[in-house]
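We name chains A, B, ... by the order of the sequence lines, and we start the count at 1 in each one.
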Protein chains: 2
Amino acid sequence: MTLEIPEVVINRLPVYARALAALAMDGETVVSSQTLGERLDVTPAQIRKDLSYFGRFGKQGRGYNVLGLLAKLREILGLDRKWRVALVGVGRLGQAIAEYGGFEPQGFQIVAVFDSDPAAIGTTVKDVVVRDSADLDTFLRQNPVDIGVVAVPGHAAQQVVDRLVSAGIRAILNYAPMTPHVPAEVAVRNIDPVLAMQSMTFYIKRQDPMGAK
Amino acid sequence: MTLEIPEVVINRLPVYARALAALAMDGETVVSSQTLGERLDVTPAQIRKDLSYFGRFGKQGRGYNVLGLLAKLREILGLDRKWRVALVGVGRLGQAIAEYGGFEPQGFQIVAVFDSDPAAIGTTVKDVVVRDSADLDTFLRQNPVDIGVVAVPGHAAQQVVDRLVSAGIRAILNYAPMTPHVPAEVAVRNIDPVLAMQSMTFYIKRQDPMGAK
DNA sequence: TCCCTGTTGTTACGGATTTCACAACCGTAG
DNA sequence: CTACGGTTGTGAAATCCGTAACAACAGGGA
Ligand SMILES: NC(=O)c1ccc[n+]([C@@H]2O[C@H](COP(=O)([O-])OP(=O)(O)OC[C@H]3O[C@@H](n4cnc5c(N)ncnc54)[C@H](O)[C@@H]3O)[C@@H](O)[C@H]2O)c1
Ligand SMILES: NC(=O)c1ccc[n+]([C@@H]2O[C@H](COP(=O)([O-])OP(=O)(O)OC[C@H]3O[C@@H](n4cnc5c(N)ncnc54)[C@H](O)[C@@H]3O)[C@@H](O)[C@H]2O)c1
């Protein structure tokens, strides 16, 4: 009965939410799809259509109540609660992730950290002790975690993913440069700056660097 | 004249290239769209269709020559040369990016680094001296750079983007949590782990954490 | 040589997504 | 009370994209 919502739509909602939060900080109380769209480089129709999958949140002639719509989006996305995150791999990137201050305010709490390196195990990052990744399954079965973050080298990533999945995790944020294989019911997002650059080069490859003469 | 290639296709090519490089490392010399697709969770038809935008690279009955196709993809994407990258913002994230060893082997060379903090200016990261971001325009006009990486706080990001664009940069990798506004001819990719998590939560929100009882 | 297996390149189809366009509506001002 | 400018929500149209299907063909074996 719940109409199937396209994934592209779901992926845009957090962007809307982020913009609404920024508008709220600026003291704006209402916003039209037009104005929001300009800010996000999205057509007003796109925004209205996306929102219409979930209900009618606007007021004709006025627009949307900024805080009201933000609250609705947070509810839709499930951001109106805390999420427990486990981080696997505490190398350079893993440490940076653990120390990044941007997750906590959004309700993502790193509650456990794992590594396989004996030199790393037992140390602490951000008040969290680094556990042996051999204990991953055991720990996760006793301590519910919602999201797994994979920050290990590519050659170890699938193994880590498999372990997270078999322990019952339903969402994985993968930083390793590979395509994780997971069952359909597990959500995966990949972050790879190299891939991002490699697609941009296609569009600029005919051009001399910065139009140098 | 050149048939318009969908951006989704371009975005997949680096993924194919990455997989081919991995196959080559494993000593594989040929691969079918079927096999490649299984590895990447992409249908074989998708792969063949994507490649057909650019030519005929396979051999019926056999598949694709791994190294041959990889070379073709690298040529198509413009990866058969070095790219000069400028990094703006040398905070925690910026330093991690500068020290990350994954860019260089792919031909992305960080040739300049900028920050606005007097305490950071003059220090070096990875053998590159940190320059005053006030000198961004001057420097870029004299030293051709292809790609700008933005790793400054959100409130400063649009200003940095504007400066990069006005200096003639055609590609930007943005790590700040905002949507940069750029002219149509500038390529932009955004990296935001928080947004990635916030879209995954939609799919797992009805579920108790890890099926805890 | 001929046949069989395996796999490509491509066209046609259908589904998904975006855009269009407008009736309905809100709040305000006259 | 009516008219008006502004904006939503939404079907219908247009566009974009992915999938299916198959003719064509390469290589190998009988
Ligand atoms: N550093 C970056 O900026 C960056 C950016 C994008 C992607 N990445 C990717 O993220 C991953 C990590 O990068 P890094 O620079 O932190 O590497 P790193 O070598 O510094 O850290 C990897 C960590 O993973 C641990 N590890 C290895 N195998 C493990 C296993 N089976 N279980 C648990 N832990 C294990 C290692 O002990 C190490 O601590 C790599 O795949 C890299 O390509 C890094
Ligand atoms: N650290 C992470 O893991 C991470 C992950 C994802 C996104 N981000 C985002 O990346 C950005 C940087 O994060 P961070 O943790 O490194 O922050 P940070 O505060 O440690 O570093 C920001 C740096 O930018 C510099 N800066 C500020 N304004 C500038 C300007 N106008 N020109 C040049 N330099 C300027 C500051 O001096 C500082 O060195 C933020 O927008 C953050 O939200 C960070």
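- Among C:dT18, C:dT8, D:dT19, the nucleotide with an atom closest to any side-chain atom of B:A45 is D:dT19.
- OP1 or OP2 of C:dG27 lies within a sub-4.0 Å distance of a side-chain N or O belonging to A:K59.
- Residues A:T43 and B:L51 each lie close to DNA chain C; by heavy-atom proximity, the contact nearer the 5' end of the strand is made by B:L51.
- Of the candidates C:dT19, C:dT8, C:dT11, C:dT19 carries the atom nearest the A:Q46 side chain, counting heavy atoms from C-beta on.
- Among the nucleotides D:dG18, D:dG9, D:dG27, the one closest to any side-chain atom of B:R62 is D:dG27.
- Minimum atom distance to the side chain of A:V8 is reached by C:dT17, of the listed C:dT17, D:dC17, C:dT10.
- Taking only side-chain nitrogens and oxygens, B:R56 comes nearer than 4.0 Å to OP1 or OP2 of C:dT10.
- Side-chain nitrogen and oxygen atoms of A:Y64 include none within less than 4.0 Å of the OP1 or OP2 phosphate oxygen of D:dG6.
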Show, in sequence, the C-alpha distance, side-chain angles and deciding distance for A:K205 and B:D80, and conclude whether the salt bridge (Lys or Arg N to Asp or Glu O under 4.0 Å) test is met. CA-CA 10 Å; A:K205 70 172 192 284; B:D80 49 359; over 6 Å; no
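- In this structure, the nucleotide among D:dA21, D:dC17, C:dT18 sitting nearest to the side chain of A:K49 is C:dT18.
- Between the side chain of B:Q60 and the base of C:dT8, a donor-acceptor pair under 3.5 Å is found.
- Minimum atom distance to the side chain of B:R48 is reached by C:dG9, of the listed D:dG6, C:dA21, C:dG9.
- Nearest to the side-chain atoms of A:S52 among the listed nucleotides C:dT8, D:dG18, D:dT10 stands D:dT10.
- Remark: P of C:dT7 and CG of B:L36 are 13 Å apart, rounded to the nearest angstrom.
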